[in-house]
Amino acid sequence: MYNFEFAKPATIAEAVEALAGEEAQALGGGQTLLPTMKQRLAAPATLVSLNAIPEMIGVCVNEAGEVCIGGATPHATVAREAQAQYPALAALASHIGDPAVRNRGTIGGSLANNDPSACYPAAALGSGAVIKTNTRDIPADDYFQGMFETALDEGEIITEVRFPVPQKANYQKFVQPASRFALVGVFVAKYADGVRVAVTGASSDGVFRWHEAEAALSADFSKAAIEGLAAPTGAMISDLHGSGDYRAHLVKVMTGRAVAAAS
Amino acid sequence: MPKDHGIGASSKRREDVRFLTGRGRYTDDINLHGQTYVHFLRSDVAHGRLHKVDTSAAEAMPGVVRIFTGKDFEGVGGLPCGWQVTDRHGNPMQEPAHPVLAQGKVRHVGDPIAAVVAETAAQARNAAEAIVLDIEELPAVVDMKKALSADAPKVHDDLTSNLCYDWGFVEENKGAVDEAFARAAHVTTLELVNNRLSPNAMEPRVAVGDYNAGTDDSTLYTTSQNPHVIRLLMGAFVLGIPEHKLRVVAPDVGGGFGSKIFHYAEEAFCTFAAKQIRRPVKWTCSRSEAFITDAHGRDHVTKIELALDAENNFTALRTETYANMGAYLSTFAPSVPTWLHGTLMAGNYKTPLIYVNVKAVFTNTVPVDAYRGAGRPEATYQLERLVDKAARELGVDPVDLRRQNFVTQFPYATPVAVEYDTGDYHATMDKLLEMIDRDGFEARAAKSKADGKLRGLGINCYIEACGIAPSALVGQLGARAGLYESATVRVNATGGIVVMTGSHSHGQGHETSFAQVVADMIGVPEAQVEIVHGDTANTPMGMGTYGSRSIAVGGSAMVRATEKIINKAKKIAAHLLEASDSDIELKDGQFTVAGTDKSVAWGDVTLAAYVPHNYPLTELEPGLEETAFYDPNNFTYPAGAYACEVEIDPDTGKVRICSFAAADDFGNVINPMIVSGQVHGGLAQGIGQALLENVSYDENGQLLSASYMDYAMPRADDVPFYQVDHSCVTPCTHNPLGVKGCGEAGAIGSPPAVVNAVIDALHRGGMTHVAHIDMPLTPARVWSAMQG
């Protein structure tokens, strides 16, 4: 790790100001950034910690009934505090990494990084969440723009993520044996106006929606409804942990399981 | 009643007090006055010609003390290989030079090119980044068979090819073996890969070199399983320092599994550089660095064939193996696929004719050497997979086929040069079947089927050769070292006992179990015995710990030294009791004149030895300290039977281990709890190999599994609660404790059980086209095999 300056602002406004500095980098829980810095693959001049901004931490329900999670809220807090309102989301948070990861890693950090194997992108896209930043509201459908790519501008901070609460939902993660990130993860959410199916881990384009499954499940929310579907095609990742064909197959298996387990 | 003291008692591990409370003293805990830090600049290409190493900008960086390159090691010895294999034509193996820092070429990703010594570790690393390299990247060889093609790039330009040796064993039997195959009623053939593993000891390697200019003494603190071996190899072959001017200390070491046997470049560098700059030099390996510098294990590609007669008796066995050596010969690398592998190919069976061919190959990968089991897991895996396949082809019960061919008469001379002194393979199989409720399997399988899962049962046997080794024998086989062990037993005036052993404990619990033996022999509390190890300055020349040898060889040396102590103490007691020493009996720490009530306590005798006021000084020296060196007559042969039950999720290919049972014959057992722990650890590593672990290179020699993000180590939830048993005991006939060794059995015996179980499950599920799946049996591989 190279030397760097460290800023710990107490408000969003201070954070935005600090991030305007030369080679400044926002620090969420640091679960990806710090190992990268230790490997000397990243060398920000200033790290701006978002972990001491009270308005960015916590879980609440707004007037529209949406679950609103502050951008700097650790996974463990989501697992605990979203349980009553959105159990599928809480369950997803409770299975990210290990206890140390869950107590440091944040939802904003995960979404800003948009790792193609991370869990939260599937929840955000599968729920049709809104990613609120210091400047605007970004619908999840517009937010994810490919592996490690998002709609965020330089210096833009995820301050909150708003999740509409579905009638039923479930997340099924099939873990990569070494990292235990998602080899394939599928988030299924049934809303009054239709079903959303978001897939993480499988595609080199990052998280994506499986539209054919959504259509089939919107008509008939049952495991049987997708049995006739071909597994999704597209830019499936093929690596030492599994071929593209295997991942595509798992998408279908995990989708079926998520439907069966949705509650 | 289980014993609560001495041999056979499950005494609590005394070393755990310091390990579990953070009071261990590991090499990285050692910091010396004026210490500097070294960072190695390593090759990021697998094969390249090194045209220039420009250190000028780096020299000017803050904190830099000195930068070393290959030029600094011209005229200095290279890293030696400790075993010379002779090929099937009678020629010595090809043995390339292995410089401490690369000279002329780099040969694997991780090969050290330059070493920056600086005031801090960060400064050393910063300066290393400022070194400018001119490397001409060359085509790399990774696949062993391709490496042997005529037009393959050569890893070592001065060798004739990438073939280290072509070994035949027993070469004279080749014709007879081929004839037996021609006559066979049935032949079963299997091609398989024994996957390459990264050892991943919890503590990465560390070295601290120190030099005292006032006395011209060098000291190396290092994470080693065998400090005396390092002192000999590094002193004699690399740096030219005689033993009396070189001290090697291996303090608490956090696991080795073989990877800390070998003499590595970093150790030699730190010792060398400390003398050059007249300051201590420290290197602490990062986990990333460990993946590309610690010697890997396994990596065999094998074709194996079994010939059977019409009654299903094994009549001959034939194998052809390619064994990856990596880019250089690590310390004991040539011995692993030959003498530690070919000699075990008989397994538990009386196959009369065996021929083993091994081609050892250089590739542009990290060197490969011994890893927990070393050659024996490879032999066991081939044989036990093959026998299972044969049983399936013949439609006979795999246990029955094994039993029919078991060796039952001991001693048994195998056709592969070793003699099993003792064993009872039916007994361990009987015990195993008793443990696993085989009769209940069908009901469990039906339940799994109802849950949409495929259940399978895998059973196998294993035998291994431990307690290495008779020095004269291994000398004939090419070892450049003796393989005895040593112990000094020092009794203090007030009766306390210190044992200085050449064995080294890096997790095995010797400080507890060795003390149990001596305490039992003399009849004093275990707490009265202290075990000292790991420092060449205060232990006798010993060969260290590997190959499950410590209790069998090191323990035997300790017994011999203790016997000498007892003999002398009896003479002193006889003097004090005014009796003949042949009449003195020692029991529970009391010396008694046989048939009388006259006795004298252990402490009175030890005090007399050091305060010899009333002492037979004309016949006996004062003091009570004895040393013994023990050279074994034979290997020991632990053996057993293992069973694994798995459940496969057919939708994903994921294998879950439902149960695992191990019935081992380790001979006599000193501490059953420690032995169970050793088996547990070995099983976890074997299951890791079978299901999870794999070192993977791309065709350019880049390591794909270079961190825990891609190299899967077994976690607690990957393994079941084990059933282990070591109540079947056929004591070793040739060492004083009747012990065989237990450290590697779990890792040797478990991979075939897991794979046999998976294949069984697939066949029961109707997927009879799946004859074999190469390890690791990841969900992706199992699913892929199921698709046909």
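Sequence lines set the chain letters: A, B, ... in the order given, protein chains first and strands last, and positions in each chain run from 1. Only this structure's heavy atoms are used, side chains among them; waters, hydrogens and symmetry mates stay out. The shown structure was predicted, so the numbers you read here are calculated from the model rather than taken from an experiment.
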Quick check on B:Ser288 against chain A: is it the side chain, the backbone, both or neither that has a heavy atom closer than 4.5 Å?
side chain
When every non-hydrogen atom of B:Asp710 is compared with those of A:Ala178, the smallest separation belongs to C-CB, 3.5 Å
Under 4.5 Å, heavy atom to heavy atom, which residues of residues 28-39 of chain A contact chain B?
A:Lys38, A:Gln39
Between A:Gln176 and B:Met709 the two heavy atoms that sit nearest each other are NE2-O, 2.9 Å
Can we say B:Asp718 and A:Arg180 salt-bridge, meaning some charged N sits less than 4.0 Å from an Asp/Glu carboxylate O?
yes
What part of B:Ser696 gets within 4.5 angstrom of chain A, counting heavy atoms only: side chain, backbone, both, or neither?
side chain
For residues 98-117 of chain A, which residue pairs pass the ring pair (Phe, Tyr, Trp, His ring centres under 6.0 Å) check, not counting sequence neighbours?
none
Only pairs of heavy atoms separated by less than 4.5 Å count here; which of B:Leu692, B:Asn126, B:Leu704, B:Thr778 has the most with chain A?
B:Asn126
Checking B:Arg781 against chain A: side chain, backbone, both or neither under 4.5 Å from a heavy atom?
neither
Basic-acidic side-chain contact under 4.0 Å: B:Arg715, A:Asp98
no
Measuring heavy-atom distances to chain A, does B:Pro776 have an atom under 4.5 Å in its side chain, in its backbone, in both, or in neither?
neither
Which of B:Ser784, B:Pro779, B:Gly653 touches chain A most, by non-hydrogen pairs under 4.5 Å
B:Pro779
Can you list every pair that meets side-chain hydrogen bond (donor to acceptor under 3.5 Å, both in side chains) and has a residue in residues 195-209 of chain A, with sequence neighbours left out?
A:Asp141-A:Arg196, A:Asp141-A:Arg209, A:Arg209-A:Glu214
Is it the case that over 12 heavy atoms from other parts of the model lie below 6.0 angstrom from the NE2 atom of A:His95?
no
With a sphere of 6.0 Å drawn around CG of B:Asp717, does it hold more than 12 non-hydrogen atoms of other residues, nucleotides or ligands?
yes
Report, in residue-number order, which members of residues 239-263 of chain A are under 4.5 Å from chain B by heavy-atom distance.
A:Leu240, A:His241, A:Gly242, A:Asp245, A:Tyr246, A:His249, A:Leu250, A:Val253, A:Met254, A:Arg257
Check whether any side-chain heavy atom of B:Glu129 lies under 4.5 Å from a side-chain heavy atom of A:Tyr2, and answer yes or no.
yes
Hey, is CD on A:Glu5 packed in by over 12 heavy atoms from elsewhere, all under 6.0 Å?
no
